[in-house]
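To start, the structure itself, in structure tokens.
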Amino acid sequence: MLNAAPQRSEMTVKAVKMPCTTPNVYTKVPDGGWGWAIAVAFFFVEALTYGVIKSFGVFFNDLMESFDETNSRISWIISICVFVQTFTAPLSTVLTNRFGHRFVVMAGGVLVSTGMITASFAHSVVHMYITIGIISGLGYCLSFLPTVTILSQYFDKRRSLVTAVASTGECFAVFLFAPVNTHLKEQIGWRYSLLFVGALQLSIVICGSLLRPMIIKEQEEEEEVKVQPPEEPAETKYMLENEQTRTSIESIDSGVEITTSPKNVPGNTKAEPKSEEPKDHVQITVENNSTPTEPKTKLLDFSVMRDYSFICYAFFGLFATLGFFAPSLYVIPLSRSLGISKDHSAYILSAMAIAEVLGRISAGWVLNREPIRKIHIELICVILLSVALFAFPFASEFWGLMTCSIFFGFMLGTVAGTHIPLLAEDDVVGIARMSSAAGVYVFIQSFSGLAGPPLAGVIVDRTQNYSSAFYSCAAGTVMGAVFLSLVRPCKVGMCHQQPAGAEGSMVEGTQDSPEDFIDMDIGKADHSGKGSDSVA
């Protein structure tokens, strides 16, 4: 018996050893283990999905010249890509729940690479809409969302920090891809540059092969029954109250039967003072009977749409997404319009990426502190992100634009690296419903992802000023901050509704219970008194 406890504690830390193709089985969230391998995979998936999307601005002017198109029509390439990526998020959730994370991510890597390689042979902007917009966009969704979801399942206390650090992959990718793609397109042209990027994206398949699913296996029921404290204090309390009331009315032998009010005894079980064995037997029976059967996994749980806090958070994502992609697409055209050289323009985008790395790591470190209300930190970051966007139109030379880009990149990192993992927090939906919530949340984001870059492009075409594109982005993040500020009040309001009713019923029950005991005991005492008088 002495060796049983150490063995059980060891089981909570180590995974059950199984082949690499089978799921990892833990008795609790490991906060590490194979999760570190998944974190590395997520780093490269971020680099080859969002990193490519954000660095696509280096091809902007080349595509305009090759296809003789306007800013708004070229910006539709990324808009359609982001829209398909986010609009198909529920499909990604359904496929992941049906076929597993590994298969879906590997299939997504094949689609991403196929779309980008095919785009290098495009002869019109419409072909780019189909290849990069639809095919690669679907692949981005199937690659990114399952990876971030399974990474959140492997970590608990370190979730914010690990996710933030792993998500810096896209920042390093932008930092590298911007100058490398600029150099490549000058040497071999933009078509072969896209071909090179597409071949590189095929490595997402390797990242997907590392995604081993995880199963949390609870301890056996018998151990839970042994560890769980007995429920006899509640029954003993009722019995003692009953006995004290009887004693205060008359002095009777301890062998007299003691009765309790049926509605005050949990589970409608009978309490007998002389024998404790029936009570223990009843307790074990209740535990065994109340063991729930394992529920079937829903392909997509839309019950999150009834959660007001999630609805507010989804609207936050809808509006805040307007400020995520357009700045990285238009910062290079803006710098060129200010007379800045191509090389220096690429440095601005790279500086933005490095600042975003620091922002993601800083946000992860801050959100990993305990105790802290993470939703409030996110709100502060979104407000500062809006300030950064409003500052871009006031930049008139290289260092001014560099300063705005660094500030924007840092604040974008604090928001972009944490807004999806925050769904796992209890202030929003919690880890149990994160998979479905992420699918619905990203689906709602799709509409602003579709409208953001073209809206900025229309403003640029009408004003002939690239700095005006940042106003639409700033307006979106301001609206997002408003909805984000409502998430916590909605969650607190919902939590307070149910306990109020339950509290009232408990108070009512405790007020009624003494009267029941007294009435029953007085009646019994009167009956006993009459019986003794008649005998006399």
Side-chain angles (χ1 to χ4, degrees), residues 50 54 57 79 82 86 164 167 170-171 174 312-331 334 348-349 351-353 355-360 362-364 366-367 373-396 400-422 427-428 441 444-445 447-460 463 465-489:
Y50 280 105
K54 289 188 175 182
S79 297
V82 174
T86 51
S167 66
E170 71 176 77
C171 311
V174 174
C312 291
Y313 197 81
F315 275 108
F316 149 69
L318 176 69
F319 288 103
T321 305
L322 292 174
F324 284 179
F325 298 100
S328 59
L329 290 176
Y330 284 98
V331 67
L334 174 61
I348 291 175
L349 191 60
M352 180 188 295
E356 188 174 344
V357 171
L358 299 177
R360 288 172 183 265
S362 301
V366 171
L367 294 179
R373 184 65 65 186
K374 298 180 181 181
I375 203 76
H376 294 162
I377 302 298
E378 186 82 355
L379 177 60
I380 295 173
C381 295
V382 173
I383 294 174
L384 293 177
L385 178 63
S386 304
V387 174
L389 289 169
F390 275 117
F392 271 100
F394 297 97
S396 58
L401 191 60
M402 176 70 79
T403 303
C404 292
S405 298
I406 292 174
F407 182 39
F408 168 78
F410 184 86
M411 299 317 305
L412 178 64
T414 61
V415 178
T418 56
H419 70 111
I420 292 180
L422 275 181
D427 281 339
V428 189
Y441 173 75
I444 294 174
Q445 276 187 297
F447 299 100
S448 58
L450 177 68
L455 177 61
V458 170
I459 295 175
V460 169
T463 61
N465 186 0
Y466 282 101
S467 61
S468 60
F470 293 85
Y471 285 123
S472 62
C473 302
T477 54
V478 169
M479 288 296 298
V482 172
F483 282 102
L484 184 61
S485 65
L486 299 176
V487 173
R488 175 65 182 167

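Pairing each heavy atom of Ala391 with each of Cys404, the nearest pair is O-SG, 3.5 Å. Looking at every heavy atom in both residues, Ser386 comes nearest to Val478 through OG-N, 3.5 Å. Smallest separation of non-hydrogen atoms from Gly480 and Phe319: N-CB, 3.6 Å. Heavy-atom minimum distance, Ala481 versus Val382: CB-CG1, 3.8 Å. Contact record, Thr414 with Ala363: CA-CB, 3.6 Å, taken as the closest heavy-atom pair. Of all heavy-atom pairs between Leu422 and Val428, the closest is O-CG2, 3.4 Å.
Atom-to-atom distance recorded for Leu318:CG and Thr86:OG1 is 10.0 Å, nearest 0.5 angstrom. Rounded to the nearest 0.5 angstrom, Tyr313 OH and Glu378 CD are separated by 5.0 Å. Separation of atoms OG (Ser405) and CG (Leu412) is listed at 11.5 Å; rounding is to 0.5 Å. Atom CZ of Phe394 sits about 14.0 Å away from atom CG of Leu401, to the nearest 0.5 Å. Taken from CZ in Phe316 to CG in Leu486, the straight-line distance is 12.5 Å, to the nearest 0.5 Å. Rounding to the nearest 0.5 Å places CG of Leu379 at 13.5 Å from CZ of Arg488.
Side-chain contact between Asn465 and Ser468 is present, with heavy atoms from C-beta onward closer than 4.5 Å. Val357 is not listed as a side-chain neighbour of Glu170, based on a closest heavy-atom distance of 4.5 Å or more. Side-chain contact between Phe470 and Leu334 is present, with heavy atoms from C-beta onward closer than 4.5 Å.
Thr477 pairs in a side chain to side chain contact (heavy atoms under 4.5 Å, CB included) with only one of the listed residues (Val415, Leu484, Leu389), which is Leu389.
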Are Ser362 and Phe410 close enough, and set up right, to give a side chain to side chain contact (heavy atoms under 4.5 Å, CB included), and what steps lead you there? CA-CA 9 Å; Ser362 301; Phe410 184 86; 3.8 Å; yes

Please test Val174 against Met352 for side chain to side chain contact (heavy atoms under 4.5 Å, CB included), starting from the C-alpha separation and ending with a verdict. CA-CA 9 Å; Val174 174; Met352 180 188 295; over 6 Å; no

Decide yes or no on salt bridge (charged side-chain N to carboxylate O under 4.0 Å, His left out) for Arg360 and Glu356, but give the supporting numbers first. CA-CA 6 Å; Arg360 288 172 183 265; Glu356 188 174 344; 2.8 Å; yes

Between His419 and Tyr441, is a ring pair (Phe, Tyr, Trp, His ring centres under 6.0 Å) present by the stated rule, with each step listed? CA-CA 10 Å; His419 70 111; Tyr441 173 75; 5.8 Å; yes

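Classified by interplanar angle (parallel below 30°, tilted 30° to 60°, perpendicular above 60°), the ring pair Phe408/Phe392 is perpendicular. Using cut-offs of 30° and 60° on the angle between ring planes, the pair Phe483 and Phe315 is parallel.
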